[in-house]
Chemist: 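Sharing a structure with you now.
The basis for the numbers below is simple: all heavy atoms, side chains too, and nothing from hydrogens, waters or symmetry mates. Computed from a predicted structure; not experimentally measured. One-based numbering, in listed order, for ligands and for the atoms of each.
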Amino acid sequence: MAAPVSRLTLSESLALGPEWRHACHAMLYAPEPGKLFGRIPLRYAVLMQMRFDGRLGFPGGFVDVHKGSLEDGLNRELAEELGDAASGFRVERSDYRSSHAAASAPRVVAHFYAKLLAREQLLAVERAAPHARDHGLEVLGLVRVPLYTLRDGVGGLPAFLDNVFIGTARDQLLEALQDLKIVDSNYISGIKLPARR
Ligand SMILES: O=c1[nH]cnc2c1ncn2[C@H]1C[C@H](O)[C@@H](COP(=O)(O)OP(=O)(O)O)O1
Ligand SMILES: [Mn+2]
Ligand SMILES: [Mn+2]
Ligand SMILES: [Mn+2]
């Protein structure tokens, strides 16, 4: 059973004691004009990654709040996990979206960001990723998130959501897709969400 997680404001999370570790992850996305099978608009390319532990998550990782800002740590992690193309942009505090603290050990507070890239920047990330330091180790590969539901009512995002996600990554994804209008507002609520695992 997943441990209870509470949402904190950024200042609340930065006030947590030294027993807490901070992690920052980012959803990178860009407009995608393509159509699947020539008829299903893709609208956006949204990146996640298959992790070493077989779970889906966002690029990012642990940051040391004593060695710089949260974003300094996040952009360092992005360079390690995505490679050179991550230097083509910088995730900033203005891209910050939420912080969630897991009540049980290990005490990790997960900060989440979403960064809109130009399509060329995202394609450069996808091209560079296999040459990243962590590729084949912590990161087993980037994936795009399907943002549609196929005629069978399951294929696409519903099937994607049936994967195992790390921490709060699935909720972070769904909230961002909705809030950033990457998908239509009633689309997410219309999906029969598989039970969390
Ligand atoms: O995508 C994520 N969303 C929310 N929390 C996450 C995500 N990925 C990992 N986590 C949690 C659980 C992990 O133990 C910590 C640290 O992240 P991780 O990426 O595994 O750390 P490193 O890259 O090894 O520094 O955050
Ligand atoms: Mn790390
Ligand atoms: Mn890492
Ligand atoms: Mn990581």
Side-chain angles (χ1 to χ4, degrees), residues 1-10 12-14 16 18-29 45-87 91 95-115 117 122 125-126 128-146 157 160-180 182 193 196-197:
M1 184 59 186
V5 171
S6 44
R7 187 166 191 148
L8 302 175
T9 65
L10 186 56
E12 286 168 338
S13 62
L14 292 174
L16 291 171
E19 71 280 13
W20 287 84
R21 295 187 75 186
H22 292 257
C24 293
H25 294 85
M27 183 179 89
L28 305 176
Y29 67 107
V46 173
L47 296 183
M48 293 194 79
Q49 64 188 28
M50 179 50 76
R51 297 162 37 93
F52 63 95
D53 56 13
R55 297 182 176 94
L56 289 172
F58 289 101
F62 284 117
V63 302
D64 183 340
V65 292
H66 305 296
K67 280 201 187 138
S69 70
L70 290 174
E71 293 78 26
D72 290 343
L74 171 56
N75 286 286
R76 175 188 50 71
E77 278 286 339
L78 294 180
E80 291 170 1
E81 298 190 359
L82 300 177
D84 297 344
S87 59
V91 181
D95 302 311
Y96 168 83
R97 295 194 52 71
S98 64
S99 300
H100 288 87
S104 60
R107 292 198 181 290
V108 175
V109 51
H111 307 284
F112 185 53
Y113 297 72
K115 176 88 182 168
L117 300 177
L122 186 135
V125 167
E126 291 181 316
H131 309 289
R133 187 200 78 170
D134 291 351
H135 177 74
L137 300 166
E138 279 179 44
V139 179
L140 298 183
L142 285 186
V143 290
R144 289 190 182 190
V145 178
L157 186 56
F160 182 82
L161 294 174
D162 209 13
N163 283 292
V164 181
F165 290 75
I166 183 75
T168 52
R170 191 172 84 157
D171 294 336
Q172 290 170 332
L173 171 69
L174 290 174
E175 187 179 274
L177 293 181
Q178 178 119 350
D179 291 359
L180 298 171
I182 294 169
L193 289 181
R196 201 175 311 289
R197 286 191 280 169

Chemist: Starting at CD of Glu138, measure out to CE of Met50 and round the result to the nearest 0.5 Å.
Modeler: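 Answer for the CD-CE pair, Glu138 versus Met50, is 15.0 Å.
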Chemist: To the nearest 0.5 Å, tell me how far Arg170 CZ sits from Asp162 CG.
Modeler: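 If we round to the nearest 0.5 Å, Arg170:CZ and Asp162:CG are 8.0 Å apart.
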Chemist: Within the distance-only criterion (no hydrogens, no angle test), does the side chain of Thr168 pair as donor or acceptor with the backbone N or O of Asp171 below 3.5 angstrom?
Modeler: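 No; zero donor-acceptor contacts below 3.5 Å.
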Chemist: Are the ring centres of Phe165 and Phe160 closer than 6.0 Å?
Modeler: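 Centroid separation for Phe165 and Phe160: below 6.0 Å.
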Chemist: For the CD atom of Gln49 and the CD1 atom of Ile166, what is their distance to the nearest 0.5 Å?
Modeler: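 One finds 10.5 Å between CD of Gln49 and CD1 of Ile166.
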Chemist: Please work out which of the three classes, parallel, tilted or perpendicular, describes the rings of Tyr96 and His111, given edges at 30° and 60°.
Modeler: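 Tilted.
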Chemist: Could you tell me whether the side chain of Leu173 reaches within less than 4.5 Å of the side chain of Leu161, counting heavy atoms only?
Modeler: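 Counting from C-beta outward, Leu161 and Leu173 do come under 4.5 Å.
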Chemist: Going by atom types only, do Asp72 and Ser69 share a side-chain donor-acceptor pair under 3.5 Å?
Modeler: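 Yes - a donor-acceptor pair under 3.5 Å links their side chains.
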Chemist: Tell me which one of Ile182, Val143, Leu122 satisfies side chain to side chain contact (heavy atoms under 4.5 Å, CB included) with Val46.
Modeler: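 Passing option: Ile182.
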Chemist: Measuring from each atom of ligand 1, which residues have a heavy atom under 4.0 Å away?
Modeler: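 Within 4.0 Å of ligand 1, protein side: Ala23, His25, Arg51, Gly57, Phe58, Gly60, Gly61, Phe62, Glu77, Glu81, Ala110, Glu138, Ile166, Thr168, Ala169, Gln172.
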Chemist: I'd like to verify the contacts: list protein N, O or S atoms under a distance of 2.8 Å from the Mn ion (ligand 4).
Modeler: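 Short answer, with waters excluded from the count: Gly60 O, Glu81 OE2.
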